[in-house]
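As structure tokens, the structure follows; a few thoughts come after it.
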Amino acid sequence: MKSWRHVFKLDPDREMDERSLDAVCMSGTDAIMVGGSSGVTYENTVDLLSRVRRYELPCVQEVSDMEAIVPGFDLYLIPMVLNSSDPSWIVGHQQQAIDRFGYMIPWELLVTEGYIVLNPDSTVAQLTGANAKLERSGIVAYAQVADKLMSLPVVYLEYSGIFGDMETVRAVQHELTGAQLIYGGGIKDLHTAKQAAAVSDTIVVGNIIYEDLAQALQTVGAVK
Ligand code: 1GP
């Protein structure tokens, strides 16, 4: 996963016809991430996984609800929302999931993401009570908490729905020593993809897949 430069994030709660899914999976992207902030169920996740599995590329689940964890993904990304005002989004849901399912967790497939949620209007910010209105230095400090204090393998700057401040992303990149920097939010064409790819290790492209597939497919070109 460290070598991935481009990832498409598919939402199990949204419709995608076969042709579109084929185009996404054959686009040259490095992986498919399955997840969303609302409406994700076991059933719609199984359905999407089985469709993506027809292709050779890696398919990972970003877990947002323990009821929707589906066996058979290549990896499981476990977000810890570091700037949540509610500890249950940092360690609480994870603790409950381990308490309930610990005996069957494939630990070697888990990758913890230090999530920093930065669009206050996004569903994820509202759901997690994230303190998204942060100065650049405050964002960098959260990233350093993840990287240096917690030794998390991933820092995820989540601007979901808006294109973030690239100077802030660059400042985070500058301070990370171990963690992989994943950027997501508002990438909608080749230009924005290139900007984000220049200051992060991995870019995640979500919404635009459902709004303008042709533009979404072009984003792969930013890293190839
Ligand atoms: C969302 O980071 C991803 O979790 C991508 O964001 O939907 O804005 O592309 P967009």
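Because only heavy atoms are used, hydrogens play no part in the values below, and waters and symmetry mates are left out as well, while side chains stay in. Counting convention: from 1, in listed order, for ligands and their atoms alike.
- For an aromatic pair to be called close, the ring centres must be under 6.0 Å apart, and Y159 with Y183 satisfies this.
- Annotation: atom 9 (O) of ligand 1 to nearest protein heavy atom, G206 N, 2.9 Å.
- In terms of protein heavy atoms, atom 1 (C) of ligand 1 is closest to E158 OE2, 3.3 Å.
- Where the criterion is an N or O separation shorter than 3.5 Å, residue side chain and backbone included, K9 meets it with respect to ligand 1.
- At a 3.5 angstrom cut-off on N or O pairs, G161 counts as close to ligand 1.
- Of all the atoms in ligand 1, the ones that sit under 4.0 Å from a non-hydrogen atom of G184 are 2 (O).
- The shortest N or O to N or O distance between V205 and ligand 1 is not under 3.5 Å.
- Within the structure, ligand 1 has Y156 among the residues with a heavy atom less than 4.0 angstrom away.
- Ring geometry, F73 versus Y76: the interplanar angle exceeds 60°, so the pair is classed perpendicular (tilted spans 30 to 60°).
- Side chain of D30 to backbone of R5: a donor-acceptor contact under 3.5 angstrom is found.
- Counting all heavy atoms, side chain and backbone alike, V63 lies closest to P79 at O-CD, 3.1 Å.
- Considering only non-hydrogen protein atoms, atom 7 (O) of ligand 1 sits nearest to N207 N, 2.8 Å.
- Taking any N or O of G186, backbone or side chain, at least one lies under 3.5 Å from an N or O belonging to ligand 1.
- Remark: the H6 side chain and the T219 side chain contain an N/O donor-acceptor pair separated by less than 3.5 Å.
- Taking 4.5 Å as the limit, every side-chain heavy atom of Y142 sits out of range of all side-chain heavy atoms of V172.
- Within the 3.5 Å criterion, the main-chain N or O of G36 finds no donor-acceptor partner in the side chain of D11.
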